[in-house]
Structures are given as C-alpha cells and as structure tokens.
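A quick write-up on the structure given underneath.
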Number of protein chains: 2
Amino acid sequence: MNSGPDTDAARGEPGPALDEPSDELVVDVFARHCSSRAALEDVGSKWGILAMLALGEGSYRFNALRRRVEGVSEKMLSRTLQILERDGLLVREVISTIPARVEYSLTPLGERVAAQLRVLADLFEASAADISRARADFDTSRRA
Amino acid sequence: MNSGPDTDAARGEPGPALDEPSDELVVDVFARHCSSRAALEDVGSKWGILAMLALGEGSYRFNALRRRVEGVSEKMLSRTLQILERDGLLVREVISTIPARVEYSLTPLGERVAAQLRVLADLFEASAADISRARADFDTSRRA
DNA sequence: CGGAATCCAGAAGGATACTG
DNA sequence: CAGTATCCTTCTGGATTCCG
C-alpha cells in the first residue's frame with residue numbers, strides 16, 4: 001500500500017527534526033504537524049462533534065447549547081467552544097445586556113463542516129440498531 | 001433558535017431517571033445513552049478518524065497501518081482497531097502463515113462512514129491555510 | 001447569565017519489554 | 001509480524017466555587 005522501506009527516512013523529511021513544526025504548510029491529515037489533522041481532532045473530540053451539530057441547527061446561547069448537548073459540563077463546553085472558535089469554525093458574539101448574553105454561531109467554514117457531520121450523524125443514527133447488535137455479538141463471542 | 005422555554009423539562013423526558021440505560025433504543029446523537037453517539041465518539045477519537053480514513057484506501061496489515069497513521073503507538077492502534085471492530089465498522093482477518101499476518105478491512109457500514117470522513121478530511125485539507133491563519137489571529141489578538 | 005479558577009479521579013496515551 | 005503486558009506521565013473531564 002505504501003511504498004518504500006520501513007525506515008523513518010522513508011517519510012521524505014530531510015532533517016532529523018521530527019518534532020519541530022516546520023514553516024512550510026503541510027496539507028495531509030495523516031501527517032503529524034498538519035493543521036487539518038489538528039482541526040479534525042478538535043472537531044472530533046468528545047464534545048466537538050455535538051457542539052458543531054447543535055450549532056448546525058442555528059445559533060445558540062451558552063446555556064441553551066449546554067442543554068442541547070446532553071451531559072456536557074460548563075467547563076468542557078466552554079473549552080470546546082474556545083477551541084472551535086480558534087480554528088475559525090464558529091464565532092462568539094457578546095451581547096452587552098444585563099445580564100450579558102453570548103451567542104455562538106458557525107462561520108461559513110463551520111457550516112460546511114457541520115453539514116458533513118450531520119450526514120455522518122444520520123448515518124450512525126440509521127445504523128444505531130446494527131451497531132448495538134454488532135457490539136453485543138462482539139462482547140458475547142469474546143467472553144467465550 | 002430552539003423553541004420552548006429554558007427549563008430542563010423542555011427536553012421532553014418524562015421521568016427523573018437520567019442515567020439508567022433504558023431498554024428501548026434511543027436514536028439521537030444528542031442523547032447520552034445512544035449507541036450512535038457512542039460510535040460517533042469511537043470514530044471521532046484521536047486515532048479513530050485516521051484509522052478509518054486509511055482503511056478507506058483499502059485493506060492494511062497492522063504494521064502497514066501503523067506506518068500510514070503517523071505517530072500512533074502500537075498500543076493505541078491496537079485498542080482503536082478493537083473498538084472499531086466492536087462497532088462493526090471493520091473486520092479483522094487472521095491469515096495463518098508463519099509469521100502470522102492480520103488484515104484489517106472495512107465493513108459495508110465502515111466504507112460508508114469512511115467515505116464521509118474523506119469528504120470531511122478533504123474539507124479540512126482544503127481549508128488548512130485558513131485554519132492556520134485563524135489560529136494565528138486568535139492567538140495574537142488574545143495575547144494583547 | 002456566562003463564564004474562569006481550582007481540585008481531583010480516572011482515562012488516554014507513550015515507551016519499553018515480552019510473547020506466540 | 002502482530003500484538004499483549006507493564007509502567008508511567010499527561011490529559012480529559014466532572015464538581016465545586018467564585019466573579020463580572
């Protein structure tokens with residue numbers, strides 16, 4: 001599948017520096033230091049997917065979003081939203097009323113990502129029964 | 001954006017039992033005890049996405065897959081593959097040669113999931129530059 | 001209301017060694 | 001080759017408290 005020998009040098013990196021994030025922009029999700037891989041991990045994180053899916057339905061205020069995403073704590077929702085904002089997937093708008101309100105909504109890029117996640121989520125929801133059965137089968141056949 | 005008041009009762013759940021995994025199959029990724037949400041987390045995990053993407057390219061043997069997914073340890077790849085197999089997304093086939101070989105390939109469901117992940121990955125790869133810039137902007141404006 | 005700060009248990013994850 | 005086992009470190013994530 002992948003050509004070349006097993007050595008580390010087969011990756012094509014000239015220098016010995018494996019951990020320094022080079023200046024050139026690598027665009028390959030399989031590469032360690034690729035912003036697309038990092039963003040993929042941010043979105044794919046435990047709460048990232050659900051936050052994006054929820055915002056795909058429209059704008060939400062913090063606590064409304066917290067209720068929509070069942071089980072998320074304030075801290076994790078807050079952290080997740082910051083990360084997604086940093087990646088340019090959503091925008092945080094402070095509405096200076098008293099008490100203050102904060103609206104979260106997707107950017108154009110975020111909308112496109114959320115749309116794809118929706119397709120993925122639909123796929124899983126449609127297969128929920130299959131997955132449950134596969135798990136049950138796996139667990140029983142393994143106990144034997 | 002979401003109708004209804006802000007109370008917790010707005011979720012429509014009748015009983016107080018929020019943590020007992022009921023017998024009936026819930027099909028809503030936002031619900032805590034939904035197998036589709038769980039599977040979504042399995043796939044979305046750090047190595048799950050990359051493993052699925054790689055296998056979307058075709059079958060891989062363990063170490064070939066390990067080389068394809070840059071940075072994964074033996075332990076985590078092994079664990080990830082077990083989880084994905086349990087969800088019915090891939091199959092593990094032992095070829096009894098000496099030394100033994102093990103081929104991993106996607107199930108029909110896995111193929112469909114991988115195809116969607118590919119679309120998502122392409123989206124991120126195409127936006128890698130935007131994301132990098134968004135991050136840089138966010139980080140600098142935050143330091144000020 | 002919308003967080004940030006702190007504490008803490010448990011899970012994730014890496015390195016290494018060993019097995020079939 | 002394809003893992004498993006062990007140890008150890010880091011990170012995740014929940015509960016709680018406090019602030020503007």
Side-chain angles (χ1 to χ4, degrees), chain A residues 1-2 5-8 18-19 32 37-38 41-51 54-55 59-86 90-105 142, chain B residues 1-2 5-8 10 18-19 32 37-38 40-51 54-55 59-86 90-105 142:
Chain A
M1 206 61 56
N2 53 345
D6 285 9
T7 65
D8 276 40
L18 294 177
D19 279 332
R32 257 189 286 260
R37 168 159 159 180
E41 282 176 20
D42 290 342
V43 172
S45 70
K46 179 164 187 174
W47 302 113
I49 302 180
L50 296 177
L55 289 173
S59 300
Y60 272 92
R61 292 183 19 225
F62 187 83
N63 279 329
L65 194 54
R66 182 157 160 18
R67 283 187 296 274
R68 181 69 180 120
V69 180
E70 210 174 287
V72 69
S73 68
E74 290 182 356
K75 192 180 82 171
M76 291 318 300
L77 181 57
S78 175
R79 186 187 298 178
T80 300
L81 291 172
Q82 283 184 37
I83 291 173
L84 296 177
E85 184 192 6
R86 192 176 102 101
L90 59 83
V91 285
R92 175 178 182 272
E93 184 187 4
V94 181
I95 302 169
S96 297
T97 56
I98 297 178
R101 294 159 51 131
V102 183
E103 282 273 329
Y104 292 91
S105 53
R142 261 232 152 183
Chain B
M1 204 49 69
N2 54 346
D6 283 8
T7 66
D8 274 55
L18 294 177
D19 278 332
R32 257 188 287 259
R37 168 159 160 182
L40 207 53
E41 283 176 21
D42 291 342
V43 172
S45 71
K46 179 164 188 174
W47 303 114
I49 301 180
L50 296 177
L55 290 173
S59 299
Y60 272 92
R61 293 184 10 235
F62 186 84
N63 278 330
L65 195 53
R66 182 155 158 22
R67 284 187 297 273
R68 180 69 179 119
V69 179
E70 209 173 287
V72 70
S73 66
E74 292 181 356
K75 191 179 81 172
M76 291 317 299
L77 181 57
S78 175
R79 186 186 297 179
T80 300
L81 291 173
Q82 283 185 37
I83 290 172
L84 295 177
E85 185 192 5
R86 192 176 100 101
L90 59 83
V91 285
R92 176 178 181 272
E93 184 186 4
V94 181
I95 302 169
S96 297
T97 56
I98 296 177
R101 294 159 50 129
V102 182
E103 282 275 329
Y104 291 91
S105 53
R142 260 231 153 184

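First the proteins, then the strands, lettered A, B, ... as listed; each starts at 1. Values below: every heavy atom of this structure, side chains too, minus hydrogens, waters and symmetry copies. Values in this document were obtained by computation on a predicted structure and should not be read as measured data.
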Please write out each protein N/O paired with an N/O of nucleotides 16-20 of chain C under 3.5 Å, distance rounded to 0.1 Å.
none

Taking atom [atom2] of [N] as reference, at what distance in whole Å does atom [atom1] of [X] sit?
{"X": "A:Arg66", "N": "D:dG14", "atom1": "CZ", "atom2": "C1'", "value": "10 Å"}
{"X": "A:Trp47", "N": "D:dG13", "atom1": "CH2", "atom2": "C1'", "value": "9 Å"}
{"X": "B:Glu70", "N": "C:dG13", "atom1": "CD", "atom2": "C1'", "value": "17 Å"}
{"X": "B:Ile83", "N": "C:dA11", "atom1": "CD1", "atom2": "C1'", "value": "11 Å"}
{"X": "B:Arg32", "N": "D:dG14", "atom1": "CZ", "atom2": "P", "value": "10 Å"}

Looking at A:Glu93, is its backbone amide N or carbonyl O close enough to the side chain of A:Glu103 to form a donor-acceptor pair, meaning the two atoms are under 3.5 Å apart?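 Checking the backbone N and O of A:Glu93 against the side chain of A:Glu103, no donor-acceptor pair under 3.5 Å is found.
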Between A:Leu55 and A:Tyr60, is the side-chain contact (heavy atoms from CB on, under 4.5 Å) condition met? List the steps. CA-CA 7 Å; A:Leu55 289 173; A:Tyr60 272 92; 4.0 Å; yes
Nearest to side-chain heavy atoms of [X], which nucleotide of [options]:
{"X": "A:Lys46", "options": "C:dC1, C:dG3, D:dG14", "answer": "D:dG14"}
{"X": "A:Arg61", "options": "D:dG3, C:dC1, D:dG13", "answer": "C:dC1"}
{"X": "B:Arg92", "options": "D:dC1, D:dG14, D:dG3", "answer": "D:dG3"}
{"X": "A:Met76", "options": "C:dG13, D:dG13, D:dG3", "answer": "D:dG13"}

Please classify the nucleic acid contact of B:Gln82 as base, sugar-phosphate, or nothing, using heavy-atom distances under 4.0 Å. sugar-phosphate
Min side-chain heavy-atom separation B:Leu65-B:Leu81 under 4.5 Å: yes
Separation of A:Arg68 CZ from A:Leu50 CG (nearest 0.5 Å): 9.5 Å
Drop me the distance from B:Leu84's CG to B:Arg79's CZ, to the nearest 0.5 angstrom. 13.0 Å
Derivation and outcome, side-chain contact (heavy atoms from CB on, under 4.5 Å), residues B:Lys46 and B:Met76: CA-CA 10 Å; B:Lys46 179 164 188 174; B:Met76 291 317 299; over 6 Å; no
Give a yes/no answer on whether the side chain of B:Ser78 brings an N or O atom under 4.0 Å of OP1 or OP2 in D:dT4. yes
Does B:Tyr104 have a side-chain nitrogen or oxygen under 4.0 Å from the phosphate oxygens OP1 or OP2 of D:dG3?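 Answer yes for this pair, as a side-chain N or O of B:Tyr104 is under 4.0 Å from OP1 or OP2.
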